[in-house]
Amino acid sequence: MTDFTGLATAGRIATPADADWDEARAAWNLAADQRPEAVVFAASADDVAAAVRFAAEHGLRVAAQGTGHGAAPLAPLEGTILLKTERMRGIDIDAEARTARVEAGVLSVELGEAANEHGLCFLPGSSPDVGVTGYTLGGGLSWLGRRYGFACNRVAAIELVDAGGEPRTVDAENDADLFWALRGGGGGYAAVTALRLELLPISEVYAGALLFPAAVGAAAVRAYRDWAAAQPDEVTSIVRFLTPPPIPDVPEPLRGTPLLTISAACIGGQAEGEATIAPLREIGEPIMDTFEWMPTAGLSRIHMDPENPVPGIGEGMTIAGLPDEAIDAFVAVAGPDSGSPMLLSELRHLGGALGRAAEGAGALSHLDAGFVMYSVGMPMTPELGEAIPAYLKTIEDTMRPWGADGAYYNFTEGPCDVDAILPPEVCERLAAVKRRWDPDGRVVANHAVAAAEA
Ligand SMILES: Cc1cc2nc3c(=O)[nH]c(=O)nc-3n(C[C@H](O)[C@H](O)[C@H](O)COP(=O)(O)OP(=O)(O)OC[C@H]3O[C@@H](n4cnc5c(N)ncnc54)[C@H](O)[C@@H]3O)c2cc1C
């Protein structure tokens, strides 16, 4: 057992000796059983540097964590300090320069609201309480993504503590290799203390969700596919089968009801947005229709993702395209008559700027696929804890004929290295960055980077 009394921090150090250890070591994803040597709740970049130096002196490793949304592939963390950044919540907006400096613990909804006060927005995804840092380092697939690309390619500079414990600011001119790797290659190269992000001059959008009974089935998914294919880059959307759990957080008529939902965000005017969504309203009689003209701060809530820690076992896969047979297979494995134990299975529309190499891009420049599929189940019983991983494999096997190469980092939740996610030439460059900046493998990420010579 390491003695942590020599680690000076303005935050807090929790160890297994503490009465609240189980709470301290928990991740947002309650299915992740994290058992680090200690948890450091850093209050500042100085605390992060102190923790990294302490780890180096004591032969420990360091795993940075904002919220633990992406914690499933990270556990069990032996010999590792879990460096939680949830106390580092500062946001500075420079409205004139259209930039934001966000500390490592800032949540998506917090940045969305702060930017919106200035008539601006960043590139939010579907979860309000996901950490901006982890989301961005893994890519950042946003509601505005088909128009503006991945969030990682709207980063101007990154403040960090390197694996030797030195604070630095990296950007396109300074330590450009490290700056490149952190933008889409995950966090396994350094501990990030703040991001400087470009903001966009968009204050309102037409966005929301249509909830249909899942019985609308394959015909609805086909109608969605045809509609999505005809949309300009200004429209980003998701279709999914969802069975909300029978818990009080879910409105009464929806509890346990199998649904097909279509969510979308439309950049442009309100009338234009209404006209864009109109054909989707013809798909069936919606149980609920939440589309409205709304501030961009509301975008991270249109998909109704959970805002409190929950247990989840999920997995993603990239899909090249959706011919009718692929849709039939998807409905058979994930639809209302499939017997699926999952909470949801969804298809997120890519293309547009998400499919084009971004100028000056980081490790994730674009994704060469038509859709990202993602499924997740809640292991509320031991039986479900066994059934869900087995069924994830069934879904993957079923959809494999239409799979694209590679995966999407943020939706890869099984334990694997970045080599299983990003293209080989990108992984070779990432390995070189790892060798240069973290030769001792001090920094642990949810997907490891092999430092071995290629
Ligand atoms: C309900 C839900 C909805 C989601 N929706 C979207 C979506 O719309 N689009 C999308 O792209 N993704 C989405 N995700 C995936 C999400 O972006 C990833 O899980 C991401 O890793 C979360 O980042 P985090 O910081 O909250 O999580 P964490 O688990 O805290 O971090 C994940 C990883 O990021 C790295 N990291 C975090 N902080 C630091 C740091 N300070 N320094 C260095 N590395 C760091 C670490 O390697 C860490 O293991 C969703 C996930 C969930 C559970």
Side-chain angles (χ1 to χ4, degrees), residues 26-32 34 42 45 47-48 51-52 62-75 77 80 82-86 88 102-109 123-145 150-152 158-163 178 181-182 184-195 236 238 240 263 265 299-314 316 343-344 346 348 350 354 364 367 372 374 376 378 408-413 418 438 443-449:
W28 184 92
N29 185 344
L30 298 173
Q34 310 189 113
D47 283 356
V48 173
V52 174
V62 178
Q65 185 162 81
T67 67
H69 274 74
L74 185 63
L77 295 176
T80 304
L82 183 59
L83 186 55
K84 291 201 178 188
T85 59
E86 63 196 47
M88 297 172 63
V102 296
E103 288 188 337
V106 169
L107 305 182
S108 177
V109 69
L123 289 176
S126 66
S127 161
D129 62 348
V130 88
V132 173
T133 300
Y135 163 83
T136 305
L137 301 184
L141 179 56
S142 167
W143 288 114
L144 310 177
F150 285 98
C152 64
I158 302 177
E159 297 172 31
L160 53 82
V161 170
D162 69 23
L178 189 50
L182 285 163
Y189 319 86
V192 171
T193 53
L195 298 177
T236 303
I238 304 175
R240 73 181 160 174
S263 334
L299 272 175
S300 65
R301 292 207 164 96
I302 60 174
H303 203 237
M304 301 172 201
D305 284 357
E307 291 196 38
N308 294 308
V310 287
I313 302 176
L343 169 70
L344 65 90
E346 69 187 12
R348 295 189 176 212
L350 299 175
L354 297 166
L364 178 67
L367 264 184
V372 174
Y374 176 75
V376 65
M378 291 171 79
Y408 174 50
Y409 194 108
N410 279 350
F411 287 155
T412 303
E413 298 198 339
V418 289
D438 186 19
V443 182
V444 179
N446 52 2
H447 296 292
V449 190

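Every number for a ligand or one of its atoms is a count from 1 in the order of the listing.
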[X] to ligand 1: N or O pair under 3.5 Å?
{"X": "Arg348", "answer": "yes"}
{"X": "Ala445", "answer": "no"}
{"X": "Gly68", "answer": "yes"}
{"X": "Gly131", "answer": "yes"}
{"X": "Ser126", "answer": "yes"}
{"X": "Tyr135", "answer": "yes"}

Counting heavy atoms only, name the option from [options] that's nearest to [atom].
{"atom": "atom 24 (P) of ligand 1", "options": "Thr67, Leu137, Val48", "result": "Thr67"}
{"atom": "atom 1 (C) of ligand 1", "options": "Leu74, Val443, Asp305, Val444", "result": "Asp305"}
{"atom": "atom 49 (O) of ligand 1", "options": "Val372, Thr136, Asn446", "result": "Asn446"}
{"atom": "atom 11 (O) of ligand 1", "options": "Phe411, Tyr374, Tyr189, Tyr408", "result": "Tyr408"}

For this session: Kindly determine whether Thr67 and Asp129 satisfy side-chain contact (heavy atoms from CB on, under 4.5 Å), including the steps that lead there.
Result: CA-CA 8 Å; Thr67 67; Asp129 62 348; 5.9 Å; no

Which protein non-hydrogen atom lies closest to [atom], naming both residue and atom, and how far is it?
{"atom": "atom 9 (N) of ligand 1", "answer": "Leu141 O, 2.9 Å"}
{"atom": "atom 30 (O) of ligand 1", "answer": "Gly66 N, 2.7 Å"}
{"atom": "atom 39 (C) of ligand 1", "answer": "Ala64 CB, 3.7 Å"}
{"atom": "atom 29 (O) of ligand 1", "answer": "Gly70 N, 2.9 Å"}
{"atom": "atom 51 (C) of ligand 1", "answer": "His69 CD2, 4.2 Å"}
{"atom": "atom 17 (O) of ligand 1", "answer": "Asn410 ND2, 3.3 Å"}
{"atom": "atom 37 (C) of ligand 1", "answer": "Gly134 CA, 3.7 Å"}
{"atom": "atom 42 (N) of ligand 1", "answer": "Val192 N, 2.9 Å"}

Evaluate the side-chain proximity of [Y] to [X]: yes if any heavy-atom separation is below 4.5 Å, no if none is.
{"X": "Leu195", "Y": "Thr136", "value": "yes"}
{"X": "Val48", "Y": "Met88", "value": "yes"}
{"X": "Leu178", "Y": "Leu160", "value": "yes"}

Seminar exercise, completed: Atoms of ligand 1 under 4.0 Å from any heavy atom of Ala71, numbered from 1 in the order shown, are 29 (O)

Report yes or no: do [X] and [Y] form a side-chain donor-acceptor pair below 3.5 Å?
{"X": "Asp162", "Y": "Tyr189", "result": "no"}
{"X": "Thr236", "Y": "Arg348", "result": "no"}
{"X": "Gln34", "Y": "Gln65", "result": "yes"}

Check [X] against ligand 1 and report side chain, backbone, both or neither, counting heavy atoms closer than 4.0 Å.
{"X": "Ala104", "value": "side chain"}
{"X": "Gln34", "value": "neither"}
{"X": "Ala190", "value": "backbone"}

Judged by atom type as modelled, is there a donor-acceptor pair below 3.5 Å linking the side chain of [X] to the main-chain atoms of [Y]?
{"X": "Asn29", "Y": "Ala72", "result": "no"}
{"X": "Asn446", "Y": "Leu74", "result": "no"}
{"X": "Ser300", "Y": "Pro124", "result": "no"}

For this session: Go through the structure and list residues passing side-chain contact (heavy atoms from CB on, under 4.5 Å) with Val130, not counting sequence neighbours.
Result: His69, Ser108, Ser127, Tyr135

Problem set entry | Phe150 touching ligand 1 at heavy-atom level, < 4.0 angstrom | no

Problem set entry | Non-hydrogen atom of Ala191 closer than 4.0 Å to ligand 1 | yes

Exercise. Looking at Phe150 versus Tyr409, is the centre-to-centre ring distance below 6.0 Å?
Worked result: no

Problem set entry | Positive for side chain to side chain contact (heavy atoms under 4.5 Å, CB included) with Leu141, one of Leu364, Leu354, Asn410 | Leu354

